[in-house]
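Notes follow once the structure below has been shown.
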Amino acid sequence: MRLVLGLVALLLLGLTTTAQAAANFPRLDAATVDGYRLTPGGSFATYGSRIEQLDKKLPPRELPDLLGDANRKARPLCHGTYLAAALKPAGFCWEDANDDKTNDWIPQGLTGSGDADPVTGTVGGKRVVATSWHTPGDTMVRLSFVDASGLGYRHVLLVEPTSDNDFAAVAGHGHGMTWSGNLLYVATTGGLIRVFDTTHFWKVDASAATVGLGADGKYHAAYYDYAMPQIGAYWYPGGGACTTATGVRPCLSTLSFDHSDSTFVTAEHAAEAGGRILRWPFDASTGRLVPAADGLVHAKEGFSSPVWGMQGAVSRNGYFVLTGVCPEYAGVAGDHPSCLHGGVGGVSTSRLAGQAPVNSQNLSYWPATGELWLLNEQLRERVVVHVPWTALTGRA
């Protein structure tokens, strides 16, 4: 009956299903999955102590302060999205300047107030979109916080407290991000997830390229007005990074929450098929991953994705939507529209109707409004857009 309802919904919207055969979406065996484990070490205590001292010099600001001090303005959706018109895609483009027209910074991760508060879909009474960006050399990571109604936004630089008196730029790709309560999770390198607090920003001097305490005795954040300090982290015991090749441990490339069962979802980007998707236990009341008796966080479920070049993964009630390469472009060089793929873990996936923005990246599902959000990185075509989950998938 659910399949019939899904097909009816697609027909009513004028969307057509494709002839592509369903692709196997296998489950990883339980023993293998349990072997994937993360540790926070003593990071929350260590950073907490350093931040306490730095706060004496840099009184913390909160997200409403940041949004009230927006210095950029996004534009109503202005670029094509390749999404089916019947889905009525809505969203915005970045300001008509460097954020859209240069690769000084490249967007990657996406989350928002719909993740942070799945009941109201707002933070401080506002619908807020948050995105991550990296430099071409992965030397720094910044976040953007956007008022999704007024479209004002601010960039902040991510920093790591290195002592009671200083901090340094967070390096990495900023692959993916997600948000629960006040806590923001950012995958900066393949084996490391850093945690930040949206009630904690530092206002710094924006006159220098320095990051941290400068020779002038002032704190700087590479010309940005705000720095956001790391408060904790999770990583594979023993450390070590990973690449886009599927290795012994799955890369932690994209992050999302499944609000239907309160699990933390990670997925790895792989050039072809085989990127692994993992679920991790999560306590929404604390905003933290849940450790087992050994103090480590054990993955609880896993799947091998059939989607080539998987970039984003989000799930609801066992059904996944994945961003990746369209079948017709598999193995074809160049920049092409992406595709959205949908299916049940352990069963199969198939391509969903239409295409998606060129080089689409991460996904975020907002339960309060039933919106599926995505963004892309393509130069001069950058968009942040949402469509109705049910209209896209045929599922509630």
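The first residue in the sequence is number 1, and the count goes up from there.
The aromatic ring centroids of Y153 and W94 lie less than 6.0 Å from each other. Between Y185 and F196, a ring centre-to-centre spacing not shorter than 6.0 Å is recorded. Taking the six-membered ring for Trp, Y236 and Y36 have ring centres at least 6.0 Å apart. A ring-centre distance under 6.0 Å is not found for Y319 and Y365. You'll find the ring centres of W179 and F257 outside the 6.0 Å limit.
A cation-pi arrangement is found for R288 relative to F44, the charged atom lying closer than 6.0 Å to the ring centre and inside a 45° cone about the ring normal.
Side-chain N/O atoms of W105 and T135 include no donor and acceptor closer than 3.5 Å. Looking only at atom types and distance, the side chain of S260 has a donor-acceptor partner in the side chain of D258 under 3.5 Å away. Under the 3.5 Å distance criterion, with hydrogens and angles disregarded, a donor-acceptor pair is assigned to the side chains of D55 and W202. Judged by distance alone, the side chains of D225 and H155 never bring a donor and an acceptor atom under 3.5 Å apart. The closest side-chain donor-acceptor pair between H298 and R37 falls under 3.5 angstrom. Side-chain contact check for W133 and S144: at least one donor-acceptor pair (N or O, by modelled atom type) lies under 3.5 Å. One side chain, T111 or D115, offers a donor N or O that lies under 3.5 Å from an acceptor on the other. Side-chain contact of T254 with N362: a donor-acceptor pair under 3.5 Å is present, judged by distance alone. At a cut-off of 3.5 Å, with distance as the only test, a side-chain donor of D100 or H79 sits close to an acceptor on the other residue. Side-chain contact check for R154 and Y226: no donor-acceptor pair (N or O, by modelled atom type) lies under 3.5 Å.
When the options W308, Y329, Y82 are evaluated for a ring pair (Phe, Tyr, Trp, His ring centres under 6.0 Å) with H336, the one that passes is Y329.
No more than 12 heavy atoms of other residues, nucleotides or ligands lie within 6.0 Å of NZ in K126, so this atom counts as exposed by the packing criterion. Residue K218 qualifies as open at atom NZ: its count of foreign heavy atoms under 6.0 Å is 12 or below.
In terms of modelled atom types and a separation under 3.5 Å, the side chain of T39 and the main chain of P237 share no donor-acceptor contact.
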